[in-house]
Amino acid sequence: MQMTMRWYGSKFDTVTLKQIRQIPGVTGVITTLYDAQPGEIWSRERIRAMKEEVEASGLSVAGIESVNIHDAIKTGSEDRDKYIANYIETLENLGKEGLRLVCYNFMPVFDWTRTELAREREDGSTVLAYTQDAVDALDPEKMFASIADDMNGTIMPGWEPERMAKVKSLFELYKDVDEEKLFANLVYFLEKIMPVCNEYDIKMAIHPDDPAWSVFGLPRIINNKKNILRLMDAVDDPHNGVTFCSGSYGTSLDNDLPDMIRSLKGRIYFAHVRNLRFITPTNFEEAAHLSSDGTFDMYEIVKALYDIGFDGPIRPDHGRMIWDEVAMPGYGLYDRALGATYLNGLWEAIEKSDKRGGKTCG
Ligand code: DNO
């Protein structure tokens, strides 16, 4: 595996490439053209400039998160083929610049959903949190406004103000899209892009829905073992793969994370590894990466990735806000650096004990 960090580009991120480069064991970033709108064609020049900037810092671009999908594709509207053609051109340009991993999601209206961006914990750190009660009590149009004050002046992925200004019309667009239709639209999209992915060996890695159940009545299709395996079978091409995000699949306590990883052997191309702490099954907050701080057994998650021979990029995911850092919620430097170091430690221990056949020296 390759340890990486997500980086939004120097115009948008509070964390610098130099800082990332100094985290032991982190050799790459997962990045994007953060200001590109869904449906826009990414030019080779912009992709190359992004790569050159990252490489000048001594890091590599390990993958793109995300190339976002236009709503016309998700809803299957008449003009979807035009947007799919644009997406294909972006993939071609990425391929020509040697980039081979694309993380994307197929969530309607909202990308990941949290109801608090700065819930204070007992040690004074703050974390992102979700309670179903808060969602149930909220008008979706007010969702953005309810959390905007806690964004620390940053733009959060999937929560761009221009997009949030259109929430009402977005809901309108999705009103006839149920789970089966959304799934069929995803399969249609994947089938159209597989030839270009094969040509350039680009791995598409779908990010799960977060949380793993319907919010505001919107359909959810990438949320459990059955549904992700259904997608792998529906488009049975090695370039149709998975971003395994423990914090997203893990929002549902019905998901057995190590078991899901094992069942997706050979199709996981990217991993987001983080922990959650549950107060009730529908009220959870994001924890430090360490197993004992949350609900998940992080050793078992990393061990499952190791056992299936996972060799793609892995990244610590949302971190707590600690040490008075002011950054994009979930995406500060300090706690993610601690997370990367912890995950590297787990990996090293698992690898060494495997190579020694489980024996200790002595
Ligand atoms: C949130 C992220 C998501 C993710 C997209 C992938 O922190 O995990 O925004 O990047 O859903 O397209």
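Counting starts at 1 for both ligands and their atoms, in listed order. Fair warning: this is a prediction, and the values are worked out from it, not measured in the lab.
Within the 4.5 Å cutoff, no side-chain heavy atoms of Tyr8 are placed close to those of Thr31. Between Val67 and Tyr104 the shortest side-chain heavy-atom distance does not fall below 4.5 Å.
Two rings, from Phe110 and Phe216, have their centers less than 6.0 Å apart.
For ligand 1, the 4.0 Å heavy-atom shell takes in Arg6, Glu65, Ser66, Cys103, Tyr104, Asn105, Met107, Asp111, Trp112, Pro157, His207, His318, Tyr331, ordered by chain and residue number.
Between His318 and Trp112, the ring planes are tilted. Angles from 30° to 60° get that label. Between Phe278 and Phe296, the two ring planes are tilted [angle within 30° to 60°].
Shown here are the side-chain hydrogen bond (donor to acceptor under 3.5 Å, both in side chains) partners of Asp123, two or more places apart in sequence or in another chain: Ser125, Arg320.
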